[in-house]
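Everything below concerns the one structure shown next.
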Amino acid sequence: MSYSYSYNTKIELCKLPCERDCCAAAEAYGMLLFANTFSRREIRIITGNKSLGKRIIDVFMMAFKTSFDTMPDEEHIGKQPYLISRPEKISRIFEAYGFSKDNMLAHNVNLGMLEDDCCRTSFVRGAFLTGGAVTDPEKRYHLEIVTPHYNVSRQTFSLLLDMALTPKEASRSGNYIIYFKQSSAIEDFLTLIGAPVHAMKLMSAKIEKDMINTVTRKINCDNANLDKIVDAADAQIKAIKQIMAAGAFEKLTERLKETARLRLDNPSLSISELAAISVPAVTKSCMNHRMRKFVEIALTFDGL
């Protein structure tokens with residue numbers, strides 16, 4: 001089965017080892033704040049990515065020693081929820097982030113959980129895994145992380161700035177979006193959170209696009225120059241024939257006569273090419289001067 005670029009990027013991220021409890025808690029924190037539902041009644045994360053499903057289970061077990069109450073069937077294909085609904089499990093998770101079971105849940109990023117650089121990176125990785133998506137770079141450059149919580153979006157945005165990234169912000173359908181549109185910014189983001197392979201694929205796609213665009217521009221430029229050469233040659237040949245029709249050809253100097261015959265025998269050559277095959281060879285400027293002379297002479301006759 002062929003998966004999307006975004007799907008495969010998350011598979012790469014899910015292969016990273018999570019070696020420290022603090023990083024597991026930070027990654028789970030990102031997952032929760034950007035999850036489908038994070039409330040005192042239930043925690044619900046929906047995904048159809050089996051690698052991500054396994055990652056969620058492992059990270060929650062490492063961070064909270066807690067399992068999910070409802071998980072998808074192994075054989076199921078498509079998106080399914082990973083659900084925690086038992087109050088004691090939810091309380092354990094809330095307390096891990098400094099929330100008392102008696103307090104209202106405020107959806108904010110507790111920066112005290114993210115003091116180390118490794119934990120900040122883990123938090124952002126978790127946010128992307130549950131709330132993020134990245135477009136196939138062969139189509140366009142776009143990576144976004146979405147949450148329904150305004151404060152979470154603003155605080156994560158500030159966190160990314162502190163991590164030397166350059167995100168932008170938007171809102172859509174009641175959700176708050178952190179996004180990147182430049183290929184280099186997406187490469188930096190993916191590399192930071194642990195997906196260098198897909199960062200490299202994005203870079204390769206950009207190089208290929210740039211090469212194709214360069215070739216296309218060159219072809220267009222060559223075609224435009226060819227059109228100019230053809231138009232100029234047509235005008236020059238028309239002028240020479242006008243001079244002949246007026247019986248004035250024999251009045252030309254021998255050099256102009258030779259040049260006129262050269263042009264009539266080689267209608268597709270450029271001025272530079274004509275100058276090179278002229279006997280004796282002349283400069284492009286000299287050949288250009290002779291061609292202008294034909295047009296000037298022809299203008300003295302009717303019909304041009």
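Taking all atoms of both residues into account, the shortest heavy-atom contact from A35 to T130 is N-OG1, 4.0 Å. Pairing each heavy atom of P81 with each of R44, the nearest pair is CB-NH1, 3.7 Å. Nearest heavy atom pair, residue A233 against residue P267, reads CB-O, 3.3 Å. The shortest heavy-atom contact between G48 and Y7 is O-OH, 3.4 Å. When all heavy atoms of K89 and S67 are compared, the pair lying nearest together is NZ-O, 3.1 Å. Taking every heavy atom of both residues into account, L52 and C14 meet most closely at CA-SG, 3.5 Å.
More than 12 non-hydrogen atoms from other residues, nucleotides or ligands lie less than 6.0 angstrom from NZ of K65. Residue-environment remark: CG (D117) stays at or below the threshold of 12 foreign heavy atoms within 6.0 Å. Within 6.0 Å of NZ on K181 lie more than 12 heavy atoms contributed by other residues, nucleotides or ligands.
Side chain of K10 to main chain of L129: a donor-acceptor pair is present (N/O by atom type, distance under 3.5 Å, no hydrogens or angles). A donor-acceptor pair is defined here as one N or O able to donate and one able to accept, closer than 3.5 Å; such a pair exists between the side chain of D69 and the backbone of R86. Between the side chain of S122 and the main chain of E27, no donor-acceptor pair closer than 3.5 Å is present. Side-chain N or O atoms of T147 include one that pairs as donor or acceptor with a backbone N or O of L33 at under 3.5 Å. When atom types are taken as modelled, the side chain of N110 and the backbone of Y97 share a donor-acceptor pair closer than 3.5 angstrom. Side-chain atoms of N8 come within 3.5 Å of backbone atoms of S4 as a donor-acceptor pair (strictly under, hydrogens ignored). Without hydrogens or angle criteria, Y82 side chain to I43 main chain gives no donor-acceptor distance under 3.5 Å. At least one donor-acceptor pair closer than 3.5 Å links the side chain of T9 to the backbone N or O of Y5. Of the possible donor and acceptor atoms, one in the side chain of R55 sits under 3.5 Å from a partner among the backbone N and O of L16. In this structure, Y3 contributes its side chain and N49 its backbone to no donor-acceptor pair below 3.5 Å.
Counting heavy atoms from C-beta outward, I84 and F60 have side chains that approach closer than 4.5 Å. Between S85 and T70 there is no side-chain heavy-atom pair separated by less than 4.5 Å. Side-chain contact between P167 and L161 is present, with heavy atoms from C-beta onward closer than 4.5 Å. Within the 4.5 Å cutoff, the side chain of F294 has heavy atoms near those of the L252 side chain. Contact annotation: the side chain of M62 approaches that of C18 to within less than 4.5 Å [non-hydrogen atoms, C-beta and beyond]. Side-chain contact check for F123 versus C119: every heavy-atom pair is 4.5 Å or farther apart. Using a 4.5 Å heavy-atom cutoff, the side chains of L262 and L269 are not in contact.
Cluster annotation: L83 is not connected to F34 through the hydrophobic network of ILVMFWY side chains, with a link wherever side-chain heavy atoms come within less than 4.5 Å. Following chains of ILVMFWY side-chain contacts shorter than 4.5 Å, one cannot reach Y150 starting from Y29, and the two form parts of different hydrophobic clusters. Tracing side-chain contacts under 4.5 Å through hydrophobic residues (I, L, V, M, F, W, Y), one never reaches Y176 starting from L143; they form parts of separate clusters. No chain of hydrophobic side-chain contacts below 4.5 Å, direct or via other Ile, Leu, Val, Met, Phe, Trp or Tyr residues, connects M61 to I56.
For the atom pair L160 CG and T166 OG1, the distance stands at 9.5 Å (nearest 0.5 Å). Note that OG of S158 is 12.5 Å distant from CE of M163, once rounded to the nearest 0.5 Å. Expressed to the nearest 0.5 Å, how far CD1 of I45 lies from OG1 of T37 amounts to 9.5 Å. Rounding to the nearest 0.5 angstrom, the gap separating the CZ atom in F157 from the CG atom in D162 is 10.5 Å. Taking CG of N151 as the start and OG1 of T156 as the end, the distance is 10.0 Å to the nearest 0.5 Å. Distance CD/Q236 to CZ/R290: 13.0 Å, rounded to 0.5 Å.
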Let's go through E169 and R154 carefully: what are the C-alpha distance in whole Å and the side-chain angles of both, what is the deciding distance for salt bridge (charged side-chain N to carboxylate O under 4.0 Å, His left out) to 0.1 Å, and is it a yes or a no?
CA-CA 8 Å; E169 293 179 292; R154 289 292 300 136; 2.6 Å; yes

Quick one, R263 with I271, criterion side chain to side chain contact (heavy atoms under 4.5 Å, CB included). Give me CA distance, side-chain angles, the key distance, then yes/no.
CA-CA 9 Å; R263 167 46 85 200; I271 294 295; 4.3 Å; yes

Steps toward side chain to side chain contact (heavy atoms under 4.5 Å, CB included) verdict (Q80, I46)
CA-CA 5 Å; Q80 286 289 294; I46 299 174; over 6 Å; no

Can you list the steps and then say if E144 with R172 is a salt bridge (charged side-chain N to carboxylate O under 4.0 Å, His left out)?
CA-CA 12 Å; E144 66 179 32; R172 182 177 64 228; 2.9 Å; yes

Between N108 and V152, is the side chain to side chain contact (heavy atoms under 4.5 Å, CB included) condition met? List the steps.
CA-CA 5 Å; N108 290 286; V152 170; 5.7 Å; no

Test side chain to side chain contact (heavy atoms under 4.5 Å, CB included) on K139 and D136; report intermediate values, then the result.
CA-CA 6 Å; K139 297 177 181 177; D136 187 335; 4.2 Å; yes

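When ring centroids are compared, F38 and F94 come within the 6.0 Å threshold.
Other members of the hydrophobic cluster containing I177, listed by chain and number, are V146, Y179; membership follows side-chain contacts under 4.5 Å among ILVMFWY residues, whether direct or relayed.
Scored by the side-chain hydrogen bond (donor to acceptor under 3.5 Å, both in side chains) test, E273 finds S270 as partners (sequence neighbours excluded).
Between K293 and T259, the side chains place no donor N or O within less than 3.5 Å of an acceptor N or O (distance only, hydrogens not considered).
At a threshold of 4.0 Å, the pair K54-D58 counts as salt-bridged, since one of the basic side-chain nitrogens sits closer than that to a carboxylate oxygen. Note on K257 versus E254: salt bridge recorded, some NZ/NE/NH1/NH2 to OD/OE distance being below 4.0 Å.
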Sequence neighbours left out, cut at 3.5 Å: what donor-acceptor pairs do the side chains of residues 182-203 make with other protein atoms?
| unit_1 | atom_1 | unit_2 | atom_2 | d |
| --- | --- | --- | --- | --- |
| T191 | OG1 | E187 | O | 2.8 |
| H198 | ND1 | E12 | OE1 | 2.6 |

